Number of protein chains: 2
Amino acid sequence: MMELTRKGEYAIRGIVYLAGKPIEKVCLLSDIAAAVDVPPTFLAKIFQQFSKMGLVKSFRGTGGGFMLGRTPESITLLEVVEAVEGHINPNRCVVNPGNCDRSDYCNIHPIWMRVQEQVRSVLEGVTLKDLADADKTYSNT
Amino acid sequence: MMELTRKGEYAIRGIVYLAGKPIEKVCLLSDIAAAVDVPPTFLAKIFQQFSKMGLVKSFRGTGGGFMLGRTPESITLLEVVEAVEGHINPNRCVVNPGNCDRSDYCNIHPIWMRVQEQVRSVLEGVTLKDLADADKTYSNT
DNA sequence: CCTAAAAAGACATAGTGTATCTTTTTAGGA
DNA sequence: TCCTAAAAAGATACACTATGTCTTTTTAGG
């Protein structure tokens, strides 16, 4: 339960790579894909989603590529994950038979709400800068 | 992301139903399934898992059925969910390419650990008694 | 125009979630 | 002992989603 998909994994790898580059640096998709070991065609789809949401900026044609859409410290892990996986939502109604609409009846609903809040809160506390910095620490060696 | 499956949903419904019955009361699978609106054959599989883990006790043959394996206050939602969904585990390694083994490199690993802890902690704080009691509050009306 | 590169959409495959069916085992009652 | 009730176990079927590829189109620079 609760597993991040490959897509989410790849998404994080890809955008953290960008976050580790100098600001405004435009990177080729093929280079990113090779560096983070993700199928280029798959990463393309992911970055298209990012692009629509403004998390990255894309440039077509010769000299094109991708750069981060905002500063690394302003993008949270939560945004990245929800951009590709959709809103984090552990709850489909669970207890009384078939009536999540009548949330009066659904006594487990508030519990899933708490789970959701906790998860989102952890992910919201981490920025791309945090992750990119930690990366550098190790790649120096 | 992070969605409980039908199986998990059904599992909770089914065992909460048992928790709402008098202790030691043996219920027919077919009755439980009808009451909580779950396909009986599917619920059978779920209860077989519960039975192996001691969450419920089963009795075969005439007069057989299921009862709770322990007291409702001693069974947490976490146990129920993990019994059927497996251990809650949001992390497959994510950042540097393909090396979750070398966890030195994986700076996002601790974050998934925190997510996991938070989720488990919420679910561990809820018992079947809590859920069954809340059920009764509404079914009185 | 020619080439580089991303965008968009269709397609293919594998895996998992969801569910059913049949056969076997166990137990109680006539 | 036999018949019936009920769960256990295993095989099977189907749909959906995750994963990934391919082709065509659009955009932009030289």
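Proteins come first, then strands; the chains are lettered A, B, ... in the order of their sequence lines, and each starts at number 1. Just so it is clear, the model here is predicted, and its values are computed rather than measured.
- Atom NZ in K7(A) sits roughly 17 Å away from atom C1' in dA14(C) (whole-Å rounding).
- Secondary structure note: stems in DNA chain D built from 3 or more consecutive Watson-Crick or G-U wobble pairs under 3.5 Å occupy C:1-30 with D:1-30.
- Every side chain to side chain contact (heavy atoms under 4.5 Å, CB included) that S74(A) has, sequence neighbours left out, goes to R70(A), T71(A).
- Rounded to an integer number of Å, the gap from CD of E3(B) to P of dT17(D) is 10 Å.
- Protein atom CZ of F47(A) is 16 Å distant from nucleotide atom P of dA5(C), rounded to whole Å.
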(message) Does the protein touch nucleotides 20-30 of chain D at the base, only the backbone, or not at all? Give it as B, S and - per nucleotide, heavy atoms under 4.0 Å.
(response) SB----BBBS-
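- The line from OG of S51(A) to CD of Q48(A) is 8.0 Å long, rounded to the nearest 0.5 Å.
- Here the NZ-CE distance, from K25(B) to M67(B), works out to 12.0 Å after rounding to the nearest 0.5 Å.
- Within 4.0 Å of F66(B), counting heavy atoms only, lie sugar-phosphate atoms of the nucleic acid but no base atom.
- Taking CD of Q118(B) as the start and CD1 of I88(B) as the end, the distance is 12.0 Å to the nearest 0.5 Å.
- Atoms CG (L43(B)) and P (dT20(C)) sit 12 Å apart, rounded to a whole Å.
- Atom CD1 in I46(A) sits roughly 12 Å away from atom C1' in dA18(D) (whole-Å rounding).
- Nearest nucleotide to the K52(B) side chain, out of dA18(D), dA6(D), dA9(D): dA9(D).
- L78(A) and L4(A) fall within a single hydrophobic cluster, where Ile, Leu, Val, Met, Phe, Trp and Tyr are joined by side-chain heavy atoms under 4.5 Å apart, directly or via other members.
- Within 4.0 Å of S51(A), counting heavy atoms only, lie sugar-phosphate atoms of the nucleic acid but no base atom.
- Shown here are the side chain to side chain contact (heavy atoms under 4.5 Å, CB included) partners of T41(B), two or more places apart in sequence or in another chain: there are none.
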(request) Could you please spell out the steps behind the side-chain contact (heavy atoms from CB on, under 4.5 Å) verdict for L68(A) and L128(A)? (result) CA-CA 10 Å; L68(A) 220 52; L128(A) 291 191; 4.2 Å; yes
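- The CD-C1' distance, from E9(B) to dG17(C), rounds to 13 Å in whole Å.
- Among dA18(D), dA6(C), dA9(D), the nucleotide with an atom closest to any side-chain atom of L29(A) is dA6(C).
- Taking atom CD of Q48(B) as the reference point, atom P of dA19(C) lies 16 Å away to the nearest angstrom.
- Remark: S58(A) is in phosphate contact with dA7(C), judged by side-chain N or O atoms under 4.0 Å from OP1 or OP2.
- Annotation: ring-ring contact (aromatic ring centres under 6.0 Å, His included) contacts involving residues 14-59 of chain A, sequence neighbours excluded, comprise Y10(A)-F42(A), F47(A)-F50(A), F47(A)-F66(A).
- If you measure from atom CG of L18(A) to atom C1' of dA6(C), you get 14 Å, rounded to the nearest angstrom.
- For the side chain to side chain contact (heavy atoms under 4.5 Å, CB included) test, residues two or more places apart in sequence or in another chain that qualify with R114(B) are V122(A).
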